[in-house]
2 protein chains.
Amino acid sequence: MGRRIGIKDVAAAAGVSVTTVSHILNEVEGKRINTETRQRVLETARQLGYAPNGLARGLRLKRSSTIGFVSDQIATTPHAGRIILGAQEEAAKHDLLLLMLNTGGDRELERREIELLLQRQVDGVLYASMYHRVVEVPEQLRSVPTVLLDARADDPSVPSVVPDEVQGGATAVRELLRHGHRRIGFLNNVDDIPATHGRLEGYRQALAEAGVAFDPRLVVAETASAAGAYRAALTLLQAAERPTALFCFADRMAMGVYHAAAELGLSIPTDLSVIGFDNQELICDGMFPGLTTVALPHYEMGARAVAQLLALTGTKGQGTGPAAQEMLPCPLVARASVASPPRL
Amino acid sequence: MGRRIGIKDVAAAAGVSVTTVSHILNEVEGKRINTETRQRVLETARQLGYAPNGLARGLRLKRSSTIGFVSDQIATTPHAGRIILGAQEEAAKHDLLLLMLNTGGDRELERREIELLLQRQVDGVLYASMYHRVVEVPEQLRSVPTVLLDARADDPSVPSVVPDEVQGGATAVRELLRHGHRRIGFLNNVDDIPATHGRLEGYRQALAEAGVAFDPRLVVAETASAAGAYRAALTLLQAAERPTALFCFADRMAMGVYHAAAELGLSIPTDLSVIGFDNQELICDGMFPGLTTVALPHYEMGARAVAQLLALTGTKGQGTGPAAQEMLPCPLVARASVASPPRL
DNA sequence: ATGTGGTGCCCAATCGTTTTGGCAAGTGAG
DNA sequence: CTCACTTGCCAAAACGATTGGGCACCACAT
């Protein structure tokens with residue numbers, strides 16, 4: 001078919017120069033254009049179905065209106081999609097598009113693919129992890145504005161957007177306290193990541209606020225799987241003074257807790273309240289009863305990261321000094337797994 | 001910092017013309033270059049850290065080495081990520097990058113965003129649905145090579161890549177038959193989508209192969225949720241001659257079945273075998289016992305779609321006539337929810 | 001001396017925009 | 001009629017690459 005029509009075609013059709021067309025379409029200030037001419041040009045552009053060539057534009061402007069989204073694992077984490085969605089929708093507001101890249105954690109592959117990104121002259125890069133952790137930012141990204149997403153770097157000059165794990169943990173525990181629980185177990189996971197420490201800290205803070213003493217016997221660490229949680233829950237629930245509520249590091253651990261509870265003849269939430277973390281809807285809604293949990297603000301994180309990136313590219317100065325480290329709150333999502341403790 | 005260095009810089013540093021540098025870097029045929037010069041240029045390019053400007057290159061070549069990935073919902077479906085991953089990794093093999101776009105099903109938003117894509121001069125577009133269905137391809141995409149992903153169009157001239165629902169359904173049922181089951185229930189869903197009809201067809205085919213008569217009372221349609229499946233399973237399992245195995249349209253329906261079985265005192269897989277569909281690992285692994293299921297070949301679909309797109313852009317002819325409609329098989333993923341039927 | 005054929009390189013046009021610095025025509029004052 | 005100013009438009013130079021068509025040089029045969 002005929003090639004896409006360009007500014008030149010519009011100029012010819014409207015009987016003016018390319019310059020004038022460009023001025024009109026871009027609404028350049030300080031350039032005086034006759035109102036009638038403007039109308040005519042706009043009209044012909046519309047009729048011809050003109051659309052600017054982004055490559056040419058980018059070349060001239062030294063700006064591609066495209067940002068790179070680099071992540072280790074798009075695939076494994078569900079809800080990862082919400083991060084992408086948040087980023088993309090925020091980007092769309094500024095006519096930006098996302099160039100996606102998954103590295104699978106392979107450092108060499110990462111290098112090669114980021115190279116491709118940079119060749120495309122992206123205006124900035126979102127370097128995302130699929131779970132909150134500390135990452136090492138690739139050297140190549142020094143040359144381009146970068147924001148970390150669901151990740152922090154040792155280097156504090158790189159801005160980042162992460163969930164507030166402490167607040168999230170506290171939110172979960174406060175919900176249990178609010179219902180009158182005092183003996184609250186915590187099934188933590190065993191990895192050395194911010195979530196592990198942060199949620200534990202939140203657990204302790206919430207207990208302290210409520211004047212409940214911290215009892216280390218109520219905290220047990222296990223692999224963040226249903227099977228692991230099942231074992232841990234069995235132990236915890238068969239102890240002398242069993243907890244009346246369990247806070248699970250992850251929703252999938254709650255699946256194990258439900259199983260353990262069923263086996264011990266404890267019904268949820270009458271005999272035992274359970275609260276999870278992550279709000280994996282497929283799981284939470286499928287469980288009986290529906291699992292109350294704390295959600296990670298994935299969508300917002302994506303959106304805020306783009307906003308930060310734009311702020312960064314806005315200020316030419318590449319302002320030195322520590323950059324913004326934004327923490328987003330994790331909201332409670334109530335379903336049906338929390339009730340008042342049984343009268344023992 | 002100093003701007004990125006270009007071909008011009010390399011030329012100057014090596015003491016040759018830009019033309020020569022370009023010839024050397026692109027290994028242009030029919031152009032004779034002195035071996036020594038070639039070495040010198042390559043060396044300086046390496047030292048200077050030269051990388052071509054993709055925008056300029058794309059402008060000249062009328063090819064951006066970028067393909068658009070348009071989907072309705074990145075977010076809601078887990079495993080959607082595997083489609084993206086498959087597409088991206090296949091694309092990377094050809095030095096292509098993916099420009100992602102999520103429309104949320106909003107037709108007007110979709111139009112605007114695809115417009116952005118086309119402005120970026122993408123070489124082709126993957127139009128993906130997050131579950132297998134029939135879609136209407138946007139008018140704008142006529143002008144650019146397009147492949148449908150997990151979707152079909154009424155227009156058979158658009159190539160597509162979809163899972164083989166019939167084979168998938170049959171695979172599930174054959175696994176049950178193989179273990180000796182003869183009364184096999186099917187919890188279908190109620191939507192009018194290819195999966196609903198295809199898997200039912202597969203169910204019937206597998207039964208027919210095994211010489212088992214089709215009994216309509218064993219098929220019940222419900223919303224594809226745990227709650228819906230729970231109700232349906234209760235009915236089915238309390239019938240006079242209850243089925244010894246249940247094939248569920250979706251893994252999350254199997255969650256409801258597990259619950260119903262537990263309530264009726266049936267243990268899985270001893271008293272009742274269950275098989276799901278989708279292989280949502282978080283669910284399948286979290287259930288007790290682990291859920292045997294049929295996987296959708298998401299990764300392969302993404303990869304094949306890119307391959308098709310490349311084939312399409314390769315043949316200039318835009319060959320008329322019906323295009324390739326590729327169906328990919330759905331493999332069985334065995335866990336622990338299927339066993340031989342109880343001796344009644 | 002002239003022609004013939006290779007070799008090794010470069011000039012300049014091109015892709016589709018944006019933008020700087022004009023220039024010509026019109027207007028009103030002197 | 002001339003000057004100064006405004007208005008409305010345009011020519012041409014970028015941006016960074018690719019590529020068709022040379023050109024200059026050398027060797028060798030005539």
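In what follows, chains carry the letters A, B, and so on, assigned in the order in which the sequence lines appear, proteins first and then strands, with residues in each chain numbered from 1. In what follows, every heavy atom counts, from backbone to side chain, and hydrogens, waters and symmetry copies are set aside.
- To the nearest angstrom, C1' of C/dT17 lies 14 Å from CZ of B/R120.
- A distance of 9.0 Å separates CD1 of A/I24 from CD of A/Q39, quoted to the nearest 0.5 Å.
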Passes side-chain hydrogen bond (donor to acceptor under 3.5 Å, both in side chains), A/T20 versus A/S17? Steps please. CA-CA 5 Å; A/T20 305; A/S17 74; 3.1 Å; yes

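- Here A/R107 pairs with A/E110 in a salt bridge; the nearest charged N to carboxylate O distance falls below 4.0 Å.
- A/K62 has a side-chain polar atom (N or O) that falls below the 4.0 Å cut-off from OP1 or OP2 of D/dG16.
- We find that CD of B/E36 is positioned 9 Å from P of C/dC9, with the value rounded to whole Å.
- Proximity of A/T20 to the phosphate of D/dC10: a side-chain N or O atom is located under 4.0 Å from OP1 or OP2.
- For B/R32, whose side chain is taken as the heavy atoms from C-beta onward, the closest listed nucleotide among C/dG8, D/dC9, C/dG16 is C/dG8.
- Put simply, CD1 on B/I7 is 13 Å from C1' on C/dC10, counting in whole angstrom units.
- Within residues 37-56 of chain A, the residues having any heavy atom closer than 4.0 Å to DNA chain D are, in order of number, A/T37.
- With D/dC10, C/dC9, D/dC9 as the choices, the nucleotide that has an atom nearest any side-chain atom of A/H23 turns out to be D/dC10.
- Looking only at atom types and distance, the side chain of B/R57 has a donor-acceptor partner in the side chain of B/N26 under 3.5 Å away.
- The CD1 atom of B/I33 sits 7 Å away from the C1' atom of C/dG8 (whole-angstrom rounding).
- Residue contacts for A/V16: at a heavy-atom cut-off of 4.0 Å it reaches the sugar-phosphate backbone alone, with no base atom in range.
- With distances taken from any side-chain atom of A/T19 to the nucleotides C/dG16, D/dA12, D/dT7, the minimum falls on D/dA12.
- A cation-pi arrangement is present between B/R133 and B/Y131 under the rule of less than 6.0 angstrom and at most 45 degrees off the ring axis.
- Look at A/S17 and you'll find a side-chain N or O under 4.0 angstrom from OP1 or OP2 of D/dC10.
- Side-chain contact between A/L117 and A/L99: present, with at least one pair of heavy atoms (C-beta onward) separated by less than 4.5 Å.
- Salt bridge B/D106/B/R111: absent, no basic N to carboxylate O contact under 4.0 Å.
- Atom pair A/K31:NZ and C/dG22:P shows a separation of 11 Å (rounding to whole Å applied).
- In this structure, of C/dG8, D/dA17, D/dT19, it is D/dT19 that holds the atom nearest to the side chain of B/L61.
- If you take CG of B/L59 and P of D/dT19, they are 13 Å apart, rounded to a whole angstrom.
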